[in-house]
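Worksheet: the structure to be examined is printed underneath.
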Amino acid sequence: MQKPKIIVVAGTNASGKSGLGVELAHKYGGEIVSADSRQVYIGMDLGSGKITPDEMKGVPHHLLDIRSPGEFFSMADFQRLAYEAIDDILQRGRLPFLVGGTGLYVAAVADGYLLSDKAPDLTYRQELETYQTEALYAMLMAQRPDIEVDACNRNRVMRILERLKADDYHPAQKESRYDSLRMGVTWERDVLKQRIDERLTRRLDEGMIQEVQGLLDAGVSEGFMLGLGLEYRMITELLTGKIPTEAEMVTQLGNAIKKFAKRQMTWFRRDESIHWLDMEKDPFEAACGLIDAFLAS
RNA sequence: GCCUUGGUAGCUCAGUCGGUAGAGCAGUAGACUGAAAAUCUACGUGUCGGUGGUUCGAUUCCGCCCCAAGGCA
């Protein structure tokens, strides 16, 4: 039996993937499933670079604005909801476009990570939080010296401990649920950096700092904001005085976003099935060629 | 014109009591299956401003020159 087909559009922030996704979905009668870990939150718009209703041009978007700021959301939540959204789109005879820059989320759906249905143990995580990373790694090795992890990677070591406690540890497994055409969007490095700077300036003008202030005023915890990283972390640090001036914050944030774009590319480059589209040529036409061939196969 | 303080990695600087040098930031490559815009790993040759001198040996000491900032005229 043939698996249902979906189209994936991946790329870094400020790459123009959302716009391309809309154009393509428009042409092929598709709907968009966003794969972005921050854009699921209501009211986190400028800071997450969320597409505006105007820019959607009537194309339905899924998995935006589905959680309140402060609520827990994970890759597994995303996978479950994305499967639901995609299956629904398919059932209505339309073409699903998975569009986003959160590599882990894209992979969880496109590669089909096999996850257990056990919920995360947030209480245990809090307990683990009180230990130094070295101690956490020692605890892990005491139980399972055979497991290979980066000993310095705190989050990963903690998650494995959590899984062991729940008797839920197994090596990574995957089984894709869909047949996916994967496309990635690229820019020449310096051009991308310039786009990132321009977009940052524009969002600041549009009130990104006020957006963060508003969320804090509304009672969203500082800790939650800091954990979101980049825009939300650094603007919160500016507002709480940890970063002294706006100019300093903007410099740091610009650098951090560029580093992040680099990490996004590192993630996506690993996937050899991605067809790369040069955004300085004609990405729309190239994508249409790929999609036509894919749908005909 | 004189005095002072500087001129060392793309940037900010440290350092060498004379044996050709190292941090942070930036940059590059990578890892990463339940917080992922998270969390981590690896990578540092640069006429040590120029030029003479002293010395076995100078980026380091001395002379002169150039440049920058500040002060005095």
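Computed over heavy atoms, backbone and side chain alike; hydrogens, waters and symmetry mates excluded. Order of the sequence lines fixes the chain letters, A, B, ..., with proteins taken first and strands second; residue numbering starts at 1 for each chain.
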* Value in whole Å for how far the C1' atom of A36(B) lies from CZ of R125(A) -> 12 Å
* Centre of F294(A)'s six-membered ring, under 6.0 Å away, within 45 degrees of the axis: is that where NZ or CZ of K5(A) sits? -> yes
* To do: Write down the distance between CE (M158(A)) and C1' (C40(B)), rounded to a whole number of angstrom.
  => 12 Å
* To do: For the residue pair Y105(A) and D77(A), confirm or rule out a side-chain donor-acceptor distance under 3.5 Å.
  => no
* **Residue whose nearest RNA chain B nucleotide is more 5′ - D117(A) or E231(A)** => D117(A)
* In chain order, what residues pass the salt bridge (Lys or Arg N to Asp or Glu O under 4.0 Å) check against K50(A), with sequence neighbours excluded? -> D45(A), D65(A)
* Asked: Given the C1' atoms of U60(B) and G53(B), what is the spacing between them in whole Å?
  -> 15 Å
* Integer angstrom distance from the C1' of U8(B) to that of C3(B) -> 25 Å
* Asked: So what does F73(A) touch, heavy atoms closer than 4.0 Å: a base, only the sugar-phosphate, or nothing?
  -> sugar-phosphate
* To do: Give E129(A) one of three labels, base, sugar-phosphate or nothing, depending on what nucleic acid heavy atoms sit under 4.0 Å from its own.
  => base
* Hey, does the Lys NZ or Arg CZ of R177(A) hover above the aromatic six-ring of Y83(A), less than 6.0 Å from the centre and inside 45° of the axis? -> yes
* Take atom P in G15(B) and the same atom in G6(B), then report the distance between them in whole Å. => 11 Å
* Give G47(A) one of three labels, base, sugar-phosphate or nothing, depending on what nucleic acid heavy atoms sit under 4.0 Å from its own. => base
* To do: Could you check if a side-chain atom of H275(A) sits within less than 4.5 angstrom of a side-chain atom of L181(A), using non-hydrogen atoms only?
  => yes
* Given the C1' atoms of A14(B) and C48(B), what is the spacing between them in whole Å? -> 12 Å
* So what does F72(A) touch, heavy atoms closer than 4.0 Å: a base, only the sugar-phosphate, or nothing? -> sugar-phosphate
* is_close_aromatic(Y232(A), Y41(A)), centroid dist under 6.0 Å -> no
* To do: Salt-bridge test for K118(A) and D167(A): reply yes if a basic N is under 4.0 Å from a carboxylate O, no otherwise.
  => no
* Asked: How does protein reach along nucleotides 27-33 of chain B, written 5' to 3' as B (base within reach of a heavy atom under 4.0 Å), S (only sugar-phosphate), or - (no contact)?
  -> SBBBBBB
* Asked: Between A36(B) atom P and Q39(A) atom CD, what is the distance in whole Å?
  -> 13 Å
* **Nearest-Å distance once atom P is located in both C32(B) and A26(B)** => 24 Å
* Atom pair distance, as rounded to whole Å: CD in Q79(A) and C1' in A35(B) -> 16 Å
* Asked: If you measure from the C1' atom in G18(B) to the same atom in C61(B), how many Å do you get, rounded?
  -> 8 Å
* **Six-ring centre of W267(A), R270(A) cation under 6.0 angstrom, axis tolerance 45°** => yes
* To do: Quick one: stems involving RNA chain B, counted as three or more successive Watson-Crick or G-U pairs, both distances short of 3.5 Å.
  => B:1-7 with B:66-72, B:10-13 with B:22-25, B:27-31 with B:39-43, B:49-53 with B:61-65
* To do: Take atom P in G19(B) and the same atom in C11(B), then report the distance between them in whole Å.
  => 26 Å
* **Quiz item: cation-pi between K165(A) and Y124(A), 6.0 Å / 45°** => yes
* 5'-most contact on RNA chain B: P120(A) or D36(A), nearest heavy atom basis? -> P120(A)
* Interatomic distance where OH belongs to Y41(A) and P belongs to A35(B) [whole Å] -> 11 Å
* Structure fact -> To the nearest angstrom, the CD1-C1' distance between I257(A) and A38(B) comes to 15 Å
* Donor-acceptor contact below 3.5 Å, side chain K57(A) vs main chain V22(A) -> no
* To do: May I ask you to decide whether R92(A) forms a salt bridge with E31(A), counting only side-chain N to carboxylate O separations under 4.0 Å?
  => yes
* Expressed in angstrom and rounded to an integer, what is the separation of R154(A) atom CZ from A36(B) atom C1'? -> 16 Å
* Between U12(B) (P) and E248(A) (CD): distance, integer Å -> 15 Å
* **Between U4(B) and C17(B) - C1' atom distance, rounded Å** => 24 Å
